[in-house]
Amino acid sequence: MARRSVRRRVAALVAVPCAAALVLSLGVAGPAAASPDGVGPVFVDGQAQIVPEFANSSSWIRQQLWVESEFDSDGDGKLDRMHVDVTRPGQTADGLKVPVVYETSPYYAGTASTQSQYFWNVRHELGEEPPARISPPAVAHRPTRTSVSTSEVSTWVPRGFAVVHSDSPGTGLSQGCPTVGGSNESLAPKAVVDWLNGRAKGYTSVDGDVEVSATSWSTGKVGMTGTSYNGTLPLAAATTGVDGLEAIIPIAPNTSYYHYYRSNGLVRNPGGWVGEDIDYLFDYIHSGFPDRRAYCIEQVRVNELNRFQDRKNGDYNDFWAGRDYLHAVGGVKAATLMAHAFNDWNVMPEHSVRITEALKKQGTPVQMYFHQGGHGGAPPLDMRNRWFSRYLYGIDNGVENDARAWVTRNEIGASQLTPYADYPNPAAKPVTMVLKPGGDTTGGLTPLARPGTGVESLVDAGNTACNAGTLATTVSDQRLLYVTPELTAPVHISGSATVTLRMSASKAAANLSVALVRLPWTSASGCTSSTQGSTTSIITRGWADPQNRNSLTQSEPLVPGEFVDVTVPLQPDDQVIPAGYRIGLMVFSTDREFTLQPAPGTVLNVDLAATTLRLPVVGGPLAMPICATTDTRATVVIGGVNSGVANRSLAGNCTINDHILDGEQWPNHGQFVTHVNEVVDQLIAAGVLKPNQRGSIVSAAARSGVGK
């Protein structure tokens, strides 16, 4: 293992172009010179190492200051100043310049009560104005704070970085108003990055005129990170396109407040926080200067959040669009290492996936780290270190050529960080699964059959509802459940599943909830179990308002008894379902842990023939090992016609014959032959059949009497 050590003066770095090329080959960022005593950053295998002189905390320089922004959000006629603290190696006082790891947050100065009486009352009829919400007691102001935070300090300062923190607008000792996704939350960290590059002014006090500069010790290269709200703000800053913000590592970021508090037109709270909405989050973080709080409450919470959040209909509008970072992602230049959990029911995985998809399309450097746990969870330190060493120090460690996606695999064995070419897995293909009758107890779910027929019904439990675990483990009229045969081999799901239902309701409005579950159920199933942690029994889930079936911005009331088509996108996922389990599709109405809770009794009807699950499976339809019985005939026989082609084994105990479906009732012969052509295409693409075998199988299908 080569050890690369850098202990050079700035003058040696800028002599001639060939010398600069040599320096870069050693992994040195030009502006990051060693101090006069020869102390500088050290890199091994492309990662910044702990340097003993940097690790001596007694020599660290700590500063507290206020950076002037470009906005006045608290209406006092003066530009708001952001409270900032800096921790940097002592050697930066002697000429050493270092890049910065920066975290900003609205939480550092304290938060409001989370007692349930301060959330919205969710027990009311759909489409009605909800009862008024009571705000929690004000967050105590802490004017004597001497720092913002110490997070990340012990990790990065010993490795040759400075660490900077700031309070978000209207929190702690930062001026302004909290806006929960408003433009000042993007511009505030931009101002700090500008200050680190000498483009914005910093002051030694919140209202003084004594300036403080960072240009003597800062290279101007900044990387931001944080989790949850703290992970949202790096993306917010990056959307401004600010020069100097070179890299971000958002962890479980909220990238759209609509997707956080609504779901496809449905009013929905984040998991574990029944009745939370955007106006409560304002109260929760509002820890700023007391003399501006009344103004902020009136102008932001009352005149903006309460006015436009719309808990009556849940429709998407300009207010929500203004708090959706997808609309501003075109400004992101910072290399992005996105981290999220597939069992995060607070900030759900769609938040990260939707942004990384957009970044990939526009060519922004991006990689993804996923794990199977709950909310939060940073990438491993070596992954973060390589990212910041590459983009803040300029170390040529090849991180940009690493796998684009990393998934922690622990579903069928020891935990292992596994690289993939991309997410979703490029080998994943949609498998269309249909329903078979019996959902009031346990109906069938399979891609190896024609759709069932008939209409099956459930009754909304409303405000008496329990959670998904209770519904999945108890036979009742409150849900419909359709289950595959036992898997005879593991199934790897990667991507976003969708469920399309043809449904009707007995009322003009109804909740619609869908969960994909793993059975037998092994997680908590009590009525009040929490979603704040992960669960192995919920594969993925989704919610939708049938009134928004055609538009997110305009509700269309249902006509009782009239069937409509509703598509419910489920949360992105990447997990392996082990052999021996079954996959279940559960349809229900009120979700105790997520939706409003009307009076019970609304009836939902589902037309089986027009309802499907599209499940992204690595290997596609041929990889579904769900044959309850196996057709082991030696050759592919179609409706009694022998094709002469060997009947090969596929996933689990399935064979080619099991995929032909010649025992099903087809509406006509042409549809059956088309189906056989599709199966043959899949078999050839998978290398199971040779192209010259196509004619034999298709000819057998054409000569059969299936569908005639």
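FYI, side chains are in, hydrogens and waters are out, and symmetry mates aren't considered; it's all heavy atoms of this structure.
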Asks: Is the Phe342 ring parallel, tilted or perpendicular to the Phe370 ring (thresholds 30°, 60°)?
Replies: parallel
Asks: Between Thr612 and Thr432, is any side-chain donor less than 3.5 angstrom from a side-chain acceptor?
Replies: no
Asks: Please check: side-chain N/O of Asn264 versus main-chain N/O of Asp545, any donor-acceptor pairing under 3.5 Å?
Replies: no
Asks: Does Gln554, at its CD atom, have more than 12 non-hydrogen atoms belonging to other residues, nucleotides or ligands within less than 6.0 Å?
Replies: no
Asks: So, for Tyr284 and Tyr229, is the gap between ring centers shorter than 6.0 Å?
Replies: no
Asks: Walk me through whether Thr179 and Arg323 qualify under side-chain contact (heavy atoms from CB on, under 4.5 Å).
Replies: CA-CA 10 Å; Thr179 58; Arg323 285 166 166 77; 4.1 Å; yes
Asks: Assess, by modelled atom type and distance only, whether the side chains of Ser555 and Asn313 contain a donor and an acceptor separated by less than 3.5 Å.
Replies: no
Asks: Quickly, which of Asp460, Asn463, Thr595 forms a side chain to side chain donor-acceptor pair (under 3.5 Å) with Thr590? Name it, please.
Replies: Asp460
Asks: In terms of the angle between their ring planes, are His340 and His351 parallel, tilted or perpendicular, with boundaries placed at 30° and 60°?
Replies: parallel
Asks: Looking only at the side chains, is there a donor atom on one of Asp574 and His492 sitting less than 3.5 Å from an acceptor on the other?
Replies: yes
Asks: Quick one: do the Asn605 and Ser457 side chains pair a donor with an acceptor below 3.5 Å?
Replies: yes
Asks: For Ala609, does its backbone N or O pair with a side-chain atom of Arg450 as donor and acceptor, under 3.5 Å?
Replies: no
Asks: Within the 3.5 Å criterion, strictly below it, is a donor on Thr567 or Thr500 matched to an acceptor on the partner's side chain?
Replies: yes
Asks: Between Leu516 and Leu585, does a side-chain contact (heavy atoms from CB on, under 4.5 Å) hold up when you go through it step by step?
Replies: CA-CA 5 Å; Leu516 203 63; Leu585 174 65; 4.2 Å; yes
Asks: When the ring planes of Trp320 and Tyr258 are compared, do they come out parallel, tilted or perpendicular, using 30° and 60° as the limits?
Replies: perpendicular
Asks: If we check side chain to side chain donor-acceptor pair (under 3.5 Å) with Arg262, which of these qualifies: Asp315, Asn269, Asp277, Asn548?
Replies: Asp277
Asks: Distance alone, cut at 3.5 Å: any donor-acceptor contact between the side chains of Thr470 and Arg592?
Replies: no
Asks: Between Tyr261 and Asp279, does a side-chain contact (heavy atoms from CB on, under 4.5 Å) hold up when you go through it step by step?
Replies: CA-CA 11 Å; Tyr261 290 119; Asp279 63 319; over 6 Å; no
Asks: Under 6.0 Å from the ring centre and within 45 degrees of the ring axis: does the NZ or CZ of Arg518 meet both conditions for the six-membered ring of Tyr581?
Replies: yes
